[in-house]
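Read through the structure below, which is laid out as structure tokens, and then see the notes.
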Amino acid sequence: SSAMLSEVSIGSDVVSYESELSKMAEKNNVEIIGLESASYQLAIFDSIPYKEQAEMLVAALDDDGSMGMTAFNQMMDSYQEQNVDKLYNFIKDESEGLGKYSKLLLENRNRNWIPVIKEEGSKMPTFFAVGAGHLGGDIGVIALLRQAGYSVTPVKMSMK
């Protein structure tokens with residue numbers, strides 16, 4: 001898969017978009033390739049000192065020690081509104097410590113993906129899935145694709 005996608009809690013069920021998309025591809029005999037390798041993703045995190053990774057994780061916790069459900073719900077609202085710039089800004093503002101690594105975690109990866117998207121998308125109709133935090137902003141996948149001359153239009157997709 002190309003990215004780790006969000007999981008959405010619905011009552012007691014947790015739905016992973018990545019898992020659901022993978023199942024759909026498998027069911028329809030569709031090849032899945034990655035925009036980057038898992039080893040590349042791991043290498044990114046290996047380059048961030050563990051102490052700072054721990055600090056970023058603690059910063060993501062709500063005051064009660066839960067894993068940021070308030071923030072998560074606000075991000076999901078932005079996602080469902082298809083407001084990717086609001087979502088991107090929210091992630092930037094909420095993610096203490098990300099600013100120092102935003103180039104490493106977001107910008108460089110977004111730029112690296114554009115040639116892969118161009119290459120793979122030119123071969124046949126292709127569906128690309130990236131984490132929603134990669135979509136918005138001046139260095140987001142949407143802006144970079146538009147700069148490369150692509151027309152990008154939002155669509156709604158149901159996982160049902």
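Below, each value reflects all heavy atoms present in this structure, side chains not excepted, and no hydrogens, waters or symmetry copies. Because the structure is predicted, anything quoted here is derived from the model rather than measured. Starting from 1, each residue takes its place in the sequence as its number.
- Across all their heavy atoms, A148 and I114 have their closest contact at CB-CG2, 4.4 Å.
- Proximity of L144 to I142: side-chain heavy atoms (C-beta onward) are nowhere separated by under 4.5 Å.
- When every heavy atom of L135 is checked against every heavy atom of V130, the shortest pair comes out as CD2-CG2, 3.6 Å.
- With rounding to the nearest 0.5 angstrom, the CG atom of N108 is 10.5 Å from the CD atom of E36.
- Scanning both residues, R146 and V152, for their nearest heavy atoms gives NH2-O, 2.7 Å.
- Residues A143 and G137 come closest through the heavy atom pair CB-O, 3.5 Å.
- Side chains of R111 and E107 form a contact here, defined as non-hydrogen atoms less than 4.5 Å apart.
- In this structure, L145 CG and K118 NZ are separated by 9.0 Å, a value rounded to the nearest 0.5 Å.
- Atom CD of E20 sits about 4.5 Å away from atom NZ of K23, to the nearest 0.5 Å.
- Looking at D85, its side chain never comes within 3.5 Å of a backbone N or O of G136 through a donor-acceptor pair.
- Taking the charged nitrogens against the carboxylate oxygens, E120 and K123 do have a contact shorter than 4.0 Å, which makes a salt bridge.
- Shortest non-hydrogen contact noted between A129 and L21 is CB-CD1, 3.9 Å.
- By the 6.0 Å contact criterion, CG on D138 is open, its count of non-hydrogen atoms from other residues, nucleotides or ligands being 12 or less.
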**OP:** Take I117 and Y150, measure what side chain to side chain contact (heavy atoms under 4.5 Å, CB included) needs, and give me the verdict at the end.
**Re:** CA-CA 11 Å; I117 291 171; Y150 289 89; 5.8 Å; no
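- Between H134 and L106, the closest side-chain pair of non-hydrogen atoms falls below 4.5 Å.
- Within the 4.5 Å cutoff, the side chain of V30 has no heavy atoms near those of the F127 side chain.
- For T126 (side chain) and M124 (main-chain N/O), a donor-acceptor pair under 3.5 Å exists by modelled atom type.
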